[in-house]
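Chain letters run A, B, ... following the sequence lines, proteins first, then strands; residues in each count from 1.
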Amino acid sequence: MTNSEISKILYEMAALYEMDGVQFKPRAYEKAALGVEALDQEVKEIHQKGGIKALEEIPGVGKGIAFHIEQILKRGSFAEYERLKKKTPIKISELTAVEGVGPKMVKILWQKLKVRNLADLEKAARAGKVRGLEHFGEKSEEKILKGIEFLKKSGGRAVLGFVFPEIRNLKKMIKNFPEVDDAVMCGSARRMKETIGDIDILATSFRPEKVMERFLGLPFIAHVYGHGPTKTNVRLKNGLDADLRVVPRESFGAAVNYFTGSKDHNIALREIAIKKGMKLNEYGLFRGKKIIAGRTEEELYKALGLRYIEPEMRENLGEIELARQNKLPELIGYGDLKGDLQVQTDWTDGENSIEEMAKAAMEAGLEYIAITDHTRSLAMTGGADEKKILRQMTEIDRINRSGKFKKFKILKGAEVNIMKDGSLDIDDKTLVRLDVVGAAVHSHFNLSREEQTQRLIRAMENPNVDIIFHLTGRIINKRAPIDVDIDEVIKAAKRIGTILEIDAFPDRLDIKDEYIQKCVEAGVKMSIDSDAHSVQHFKMLEFGVAQARRGWATKNDIINAWPLEKMRIFLK
DNA sequence: GCCGTTTTCGGCCCGACTGTTTTCAGTCG
């Protein structure tokens with residue numbers, strides 16, 4: 001039983017109780033499901049190590065649900081779940097995945113039409129049976145069919161870095177509407193999450209209806225889910241959903257805060273407001289009818305007794321407590337990188353020459369880069385052997401000496417391949433001559449956790465290895481991460497002095513934010529690299545910095561935010 | 001069912017929009 005299987009059952013319990021109109025239990029099960037989902041460790045392991053008591057430590061899990069989870073681990077189910085499933089033998093999560101269909105609708109559909117799953121629902125709606133039900137009509141039937149259609153088409157969440165330019169563009173267009181004072185990107189895009197489910201944009205205007213009219217008139221809107229005077233919800237032609245909300249200027253800060261989330265962070269803020277005898281909503285912070293704060297986010301946090309919290313940290317994972325104690329870390333800034341330690345060129349699978357990459361990096365505001373082409377065992381990329389590396393080193397020396405790039409410095413490096421047993425595919429007497437050696441896994445993704453962990457640690461123990469590139473090898477929405485014991489790897493990195501990379505490429509973002517936070521805690525240094533394969537790719541560094549900020553990293557944690565000399569001394 | 005600056009009982013975030021019905025429950029974020 002994996003964590004996601006367990007949380008799925010808990011979510012289902014929430015929906016089943018919701019169907020029956022049970023109070024509060026649905027929220028409790030949802031919270032527990034979220035708690036399980038967010039875990040870094042397998043519930044199974046937690047239970048093996050600490051039994052039922054350890055399960056109660058999971059956020060949102062108390063005595064009752066801990067017992068249920070134990071039962072799930074032992075026999076895949078528990079009594080109350082079976083009882084409810086027997087009463088309503090339907091695929092509830094499949095049905096509620098349809099936009100606009102919730103537990104209460106599912107209940108009626110089941111009782112009146114014996115709808116058990118998505119196929120049943122589609123059949124019933126197509127046959128025109130849904131419109132005859134009480135509280136349903138033609139429109140709800142149509143909406144259900146459209147919802148099913150969308151569900152079949154949509155591929156889940158989009159990789160932020162790939163759609164970011166489109167979001168910025170949309171925001172800009174809205175900001176340019178004559179009736180709009182200001183418009184900002186909110187939601188998970190503002191928190192710079194790896195992936196986003198939809199686009200949230202907030203605008204201020206005294207003529208919201210007019211703004212909505214213009215928004216609906218944009219050429220790339222495919223479908224309108226709903227629209228009112230202050231809120232409109234659409235599907236764009238690129239397949240993404242977008243929400244536009246308009247508020248008056250005096251509520252801007254409160255609305256930005258509400259619309260940015262995360263939901264958990266917002267709920268925690270509202271609870272603080274309640275405890276202080278106030279009320280927080282998207283229009284402001286109120287005591288009675290009197291508005292206390294709301295124009296800016298800064299004054300809102302201040303009125304709640306908190307320091308301003310950067311959007312990337314707003315996940316209710318301890319940041320609020322730090323803000324209360326004035327102990328928030330000073331996050332690395334978006335302009336803080338001075339170098340890039342993973343760059344590919346046309347010597348292997350990159351598109352541009354060393355000089356072109358250097359020029360582009362310099363224009364992106366960097367002071368140094370390391371050229372790290374692939375090595376020989378990656379035959380498909382034309383990986384370099386020792387001879388080719390030596391030739392490239394000579395070439396880099398020549399360019400550095402030419403004075404063409406003034407103070408800008410090109411470092412000699414390689415992305416060497418970690419073999420199945422943890423050995424490297426380039427000999428040590430060549431590696432020792434390089435400025436930056438990154439080692440990476442490109443094959444044997446399916447070894448056991450034990451083997452994979454030992455393999456990585458063996459590579460790290462090679463004294464010539466400076467950095468582990470894209471440690472887990474995951475590709476978001478495409479390839480699962482390798483199975484490693486991250487705590488063991490971080491412990492080894494601390495002992496050996498290995499740097500762990502944050503690969504900034506939008507569908508890698510490897511290592512992920514939780515692991516970054518672990519590195520920060522352990523004092524393990526990291527680098528943020530673009531993994532650029534063309535001159536266009538240096539702009540991806542932004543997403544690497546975002547990932548680092550989401551992991552609460554400061555400038556001190558990231559070696560290529562340091563000046564060249566300091567960084568080089570550290571590498572040695 | 002969970003949880004504690006309200007602390008072992010009594011609360012549990014808040015508001016916009018929709019569709020159907022005619023005052024509001026359901027859904028969503």
**OP:** Determine the interatomic distance between P on B:dT8 and the same-named atom on B:dC3; round to the nearest Å.
**Re:** 16 Å
- [ ] Using a heavy-atom cut-off of under 4.0 Å over every strand shown, decide if A:K275 touches base, sugar-phosphate, or nothing.
- [x] base
note: A:N281, atom CG; B:dA16, atom P; distance rounded to Å ~ 8 Å
- Task: Mind checking A:V98 for me? I need base, sugar-phosphate or nothing, with any heavy atom below 4.0 Å counting as a touch.
- Result: sugar-phosphate
Rounded to the nearest 0.5 Å, the CD atom of A:E542 sits from the CG atom of A:L160 at a distance of 8.5 Å
In this structure, CG of A:D198 is separated from CG of A:D200 (nearest 0.5 Å) by 4.5 Å
Distance, P atom - from B:dC13 to B:dC2, rounded to whole angstrom
16 Å
By the Watson-Crick or G-U definition, both distances under 3.5 Å, B:dA25 is matched with B:dT18
Aromatic ring pairing A:F543/A:F164, orientation class (parallel under 30°, perpendicular over 60°, tilted between)
perpendicular
Could you tell me whether the phosphate oxygens of B:dA16, OP1 or OP2, come under 4.0 Å of any side-chain nitrogen or oxygen in A:Y283? yes
Worksheet entry | A:N117 side chain to A:A119 backbone, donor-acceptor under 3.5 Å | yes
Walking DNA chain B from its 5' end, the first of A:A66 and A:R270 to be reached, judged by nearest nucleotide, is A:A66
Whole-Å distance, A:I272 CD1 to B:dC14 P, equals 13 Å
- Query: So with a 6.0 Å cut-off around CZ of A:F67, is the heavy-atom count from everything else above 12?
  - Reply: no
The nucleotide from B:dG15, B:dG26, B:dC14 with an atom nearest the side chain of A:I274 is B:dC14
(Q) Does a side-chain N or O of A:N266 approach OP1 or OP2 of B:dC13 to a distance below 4.0 Å, or not? (A) no
When we call it a touch if two heavy atoms are under 4.0 Å apart, what does A:Q23 touch: a base, just sugar-phosphate, or nothing? nothing
With rounding to whole Å, what would you report as the distance between B:dT20 and B:dA25 at their C1' atoms? 10 Å
(request) May I ask you to say what A:F136 touches in the nucleic acid, namely base, sugar-phosphate or nothing, with a heavy-atom cut-off under 4.0 Å? (result) sugar-phosphate
From CG of A:N257 across to P of B:dC13 the rounded distance in Å is 17 Å
query: Hey, does A:E271 reach any base, or is it just sugar-phosphate, or nothing, if we go heavy atoms under 4.0 Å?
result: sugar-phosphate
Exercise for review: Kindly say if A:K279 contacts the phosphate of B:dG15, meaning a side-chain N or O under 4.0 Å from OP1 or OP2.
Suggested key: yes
Of B:dC13, B:dG15, B:dG1, the nucleotide closest to the side chain of A:A28 is B:dG1
Inset, instruction - Have a look at A:K263 and say if it touches a base, only the backbone sugar-phosphate, or nothing, with a 4.0 Å heavy-atom cut-off. - result: base
Please determine if a side-chain N or O atom of A:S140 lies less than 4.0 Å away from the OP1 or OP2 oxygen of B:dT18.
no
Checking B:dG26, B:dC13, B:dG1 against the side chain of A:I267 (C-beta onward), the nearest is B:dC13
| said: OP1 or OP2 of B:dA16 versus the side-chain N and O atoms of A:K231: is any pair under 4.0 Å? | reply: no
- Task: Please confirm whether A:Y29 and A:Y11 have ring centers closer than 6.0 angstrom.
- Result: no
Which whole number of Å gives the distance between the P atom of B:dT6 and that of B:dT23? 40 Å
Using a 4.0 Å heavy-atom cut-off across all strands, classify A:P26 as base, sugar-phosphate, or nothing.
nothing
Record whether the side chain of A:Y258 comes under 3.5 Å of the base of B:dG29 through a donor-acceptor pair of N or O atoms. yes
### Message
Regarding A:E138, tell me which of base, sugar-phosphate or nothing describes its non-hydrogen contacts under 4.0 Å with the strands shown.
### Response
sugar-phosphate
- prompt: Relative to each other, are the rings of A:Y308 and A:Y301 parallel, tilted or perpendicular (30° and 60° limits)?
  reply: perpendicular
Looking only at B:dC17, B:dG15, B:dT21, the nucleotide nearest the A:T230 side chain is B:dC17
Winner on side-chain proximity to A:I65, out of B:dG26, B:dC2, B:dC12, is B:dC2
